[in-house]
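Residue numbers begin at 1 in each chain, while the letters A, B, ... track the order of the sequences.
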There are 2 protein chains.
Amino acid sequence: MLGDERGNMISSNSDKKKIDNIEDYFMAKKEISQAVIQRLPRYYRYLEDLMDQGIERISSSELSKRMKLTASQIRQDLNNFGGFGQQGYGYNIKNLHDEIAKILNIDNEHEMIIVGAGHLGQALANYTNFRKRGFIVKAIFDKDPSIIGKKVGEIEIQPMEKLDEIIKASNIKMAAVCIPKNAAVKVVEQLINDGIVGIWNFAHVDLEVPENIVIENVHLSESLMRLSYRMGESLNAE
Amino acid sequence: MLGDERGNMISSNSDKKKIDNIEDYFMAKKEISQAVIQRLPRYYRYLEDLMDQGIERISSSELSKRMKLTASQIRQDLNNFGGFGQQGYGYNIKNLHDEIAKILNIDNEHEMIIVGAGHLGQALANYTNFRKRGFIVKAIFDKDPSIIGKKVGEIEIQPMEKLDEIIKASNIKMAAVCIPKNAAVKVVEQLINDGIVGIWNFAHVDLEVPENIVIENVHLSESLMRLSYRMGESLNAE
DNA sequence: TAACTTTTGACATATAATTAACAAAACTGT
DNA sequence: ACAGTTTTGTTAATTATATGTCAAAAGTTA
């Protein structure tokens, strides 16, 4: 029968692919394509929704209908990281959810800072969903003296002068950058010197960083232009 | 000699590819790949920067170095839409910039509304860069009575009850949705009924819409998870 | 103006991503 | 326990995307 043992059964049913710890993924050096990484968080979101609905298991084919993907793609994507499913049964949702959390590195907490306490910086600081995923905003910085000391949620806006000190005194590895592009270039250099490894960049610029630094860009105005393009396309297609 | 005539020369030097108006792109039915659409706004941004620097012309090879793409890819991407370059010369930056603006459908103004006046909605309403691209926020809505009537920049927060009325009385075709996912599903239905064609969706849900409706998703928490994934990958790769 | 250089646009090739197919494993119902 | 069903993980085929190549066009220089 199926039950609590499910997780164990899955992890032991495929010797070649057995994964004892997360580092094995990377040891194997099997390059994961950008397209797969792009989809991973979406799987996570769907699995979370399924859990909330109290559903216990799902087949790749059923999931493919909901996500508007092919079942084949789902199976291939997941098999990049291990054999999480079981023939004749499908995937245990809770188990797969937890596995993807490990893969995404969100099975533990991440402290982060926000540089720029404009509207966007404040919006991020207040985003309760992030906390739910384990991302904890430890500090928010701005250069504008008129807002320094004000509170955003539970944290106080700090002057830029305190940036180095606060990062170095902590174990913070992640920073969201919400300042204009010219300022961003210099601040990012500073962040990297202070030990920041991952940068969530909202500035309209492609940052040049060393190889070991990770940048995730959110170019909102580019997103808006894509919407505009598709609207034009759609209107002209009639 | 090169000069003001450049634009004319370019548009007349390739009969087969000559494009008299924007609808020809779509008439031709030549399917543009998602990958190209993804890159288009980035080209636009780089061209804008080049213009600001006072540079007049650029070759695909020089642009490829700056953008970290191959020259071949740039030429192929652009040739989806027309022959904007000239042998031995390259691309005229101002001309190409304007052409891409037409392609992206940002050569004219777009009125838009924002649904949800939380931190994110307000951040978008205050984003001066959008106005620069021709996107004009005409109204912002919220259901919270305590903030209705307050001003965000120059516009007043309206109650949700006014949504239908305001959209229908205008020519607004675009809406940014910045409300929780459950509310979003219903509101989007309403927006579509009111005549909205393009939806910039910030809610953590994949919206089901008719074929002629365009959705551009900005799933911030997915973006953050991708950052987290890559940081884990980077740390484990040493 | 003629020789030489640059650079595009088009096409051909190579690489990557997606989809299809199917044997083997595990489940289900009797 | 057995027959039939489901569904995975894997490999093969297909499709899509990116890169390399080159003739022809236009620029540049002497």
Side-chain angles (χ1 to χ4, degrees), chain A residues 1-3 5-19 30-40 56-65 67-93 95-96 99, chain B residues 1-3 5-19 30-40 42-43 56-65 67-93 95-96 99:
Chain A
M1 275 301 290
L2 298 168
E5 267 86 52
R6 170 69 46 195
N8 299 334
M9 290 168 72
I10 288 173
S11 65
S12 61
N13 77 342
S14 164
D15 282 10
K16 271 194 300 186
K17 286 240 153 189
K18 187 171 173 184
I19 287 166
K30 188 180 28 170
E31 193 74 48
I32 306 297
S33 82
Q34 289 305 302
V36 174
I37 299 171
Q38 183 72 23
R39 282 188 295 267
L40 269 183
E56 263 187 25
R57 58 183 256 192
I58 195 162
S59 67
S60 59
S61 123
E62 170 61 21
L63 186 58
S64 76
K65 276 175 208 145
M67 294 187 70
K68 309 252 169 78
L69 300 171
T70 62
S72 197
Q73 179 162 70
I74 292 173
R75 293 203 298 274
Q76 266 212 1
D77 282 353
L78 297 177
N79 279 27
N80 279 294
F81 303 99
F84 304 124
Q86 221 166 308
Q87 278 120 324
Y89 174 85
Y91 298 86
N92 178 278
I93 290 168
N95 174 254
L96 184 55
E99 290 291 342
Chain B
M1 276 298 287
L2 299 167
E5 269 85 52
R6 169 70 44 195
N8 300 334
M9 291 169 72
I10 287 173
S11 64
S12 62
N13 76 344
S14 166
D15 282 11
K16 273 194 298 185
K17 286 240 153 192
K18 186 171 173 185
I19 287 168
K30 188 180 26 170
E31 194 73 49
I32 307 297
S33 82
Q34 291 304 304
V36 174
I37 299 171
Q38 183 71 24
R39 283 188 294 269
L40 269 182
R42 187 154 175 262
Y43 289 126
E56 264 187 25
R57 58 182 256 192
I58 195 161
S59 66
S60 59
S61 121
E62 170 62 20
L63 187 57
S64 76
K65 276 175 211 143
M67 295 187 70
K68 310 247 169 82
L69 300 171
T70 62
S72 195
Q73 179 163 69
I74 292 173
R75 293 203 299 275
Q76 229 180 27
D77 282 354
L78 298 176
N79 279 26
N80 279 295
F81 303 98
F84 304 125
Q86 221 166 310
Q87 279 120 325
Y89 173 85
Y91 297 85
N92 177 280
I93 289 167
N95 174 254
L96 185 55
E99 291 291 341

What integer distance in Å separates B:Ile74:CD1 from D:dA18:P?
-> 12 Å
Determine whether B:Arg39 and B:Gln73 make a side-chain contact, defined as any pair of heavy atoms from C-beta on separated by less than 4.5 Å.
-> yes
Quick one: CG on B:Leu69 to CD on B:Gln76, what's the gap to the nearest 0.5 Å?
-> 12.5 Å
Point-to-point distance, once rounded to the nearest 0.5 Å, from CG of B:Leu96 to OH of B:Tyr43 = 10.0 Å
Interatomic distance where CD belongs to B:Glu56 and C1' belongs to D:dG27 [whole Å] = 15 Å
If each end axis of the helix from C:dT1-D:dA30 to C:dT30-D:dA1 is fitted on five C1' pair positions, the angle between them, to 10 degrees, is 30°
Can you check the B:Tyr89 OH to C:dG9 P distance for me, whole Å?
-> 13 Å
Rounded to whole Å, CD of B:Gln34 lies from C1' of C:dA16 at a distance of 17 Å
Test log, rule side chain to side chain contact (heavy atoms under 4.5 Å, CB included), inputs B:Phe81 and B:Val36 = CA-CA 11 Å; B:Phe81 303 98; B:Val36 174; 4.0 Å; yes
Is a donor-acceptor contact shorter than 3.5 angstrom present between the side chain of B:Gln87 and the base of C:dT8?
-> yes
Does OP1 or OP2 of C:dG9 have a side-chain N or O of B:Tyr91 closer than 4.0 Å?
-> yes
At what distance, to the nearest 0.5 angstrom, does CD1 of A:Ile58 lie from CG of A:Leu63?
-> 4.5 Å
Any side-chain N or O of A:Asn79 under 4.0 Å from OP1/OP2 of D:dT8?
-> no
Heavy-atom check, side chain of B:Gln86 versus side chain of B:Asn95, under 4.5 Å | no
Can you see which heavy atom on B:Ser60 is nearest to which on B:Ile74, and at what distance?
-> O-CD1, 3.7 Å
For A:Ser59 and for B:Ser33, find the nucleotide of DNA chain D with the closest heavy atom, then tell me which residue's nucleotide is more 5'.
-> A:Ser59
Measure distances between side-chain N and O atoms of A:Gln76 and base N and O atoms of D:dT11, and say whether any donor-acceptor pair falls under 3.5 Å.
-> yes
Length of the line joining B:Gln73:CD and C:dT7:P, which is rounded to integer Å = 19 Å
Per atom distances to the A:Arg39 side chain, the nearest of C:dT18, D:dA18, D:dG9 is C:dT18
Look at all strands and tell whether B:Thr70 reaches a base, only sugar-phosphate, or nothing, counting heavy atoms closer than 4.0 Å.
-> sugar-phosphate
On DNA chain C, check which nucleotide each of A:Gly88 and A:Ala35 is closest to and give me the residue with the more 5' one.
-> A:Ala35
Starting at NZ of A:Lys65 and ending at C1' of D:dT7, how long is that distance when rounded to a whole Å?
-> 12 Å
Tell me what B:Ser72 touches on the nucleic acid: a base, only sugar-phosphate, or nothing, going by heavy atoms under 4.0 Å.
-> base
Rounded to whole angstrom units, what separation is found between the CZ atom of A:Arg75 and the C1' atom of D:dT7?
-> 7 Å
For the side chain of A:Arg57, starting at C-beta, report the closest nucleotide among D:dT7, C:dT18, D:dG9.
-> D:dT7
Do B:Glu62 and B:Tyr91 have side-chain heavy atoms sitting under 4.5 Å apart?
-> no
Atom-to-atom span, CD of B:Gln86 to C1' of C:dT5 - whole angstrom = 16 Å
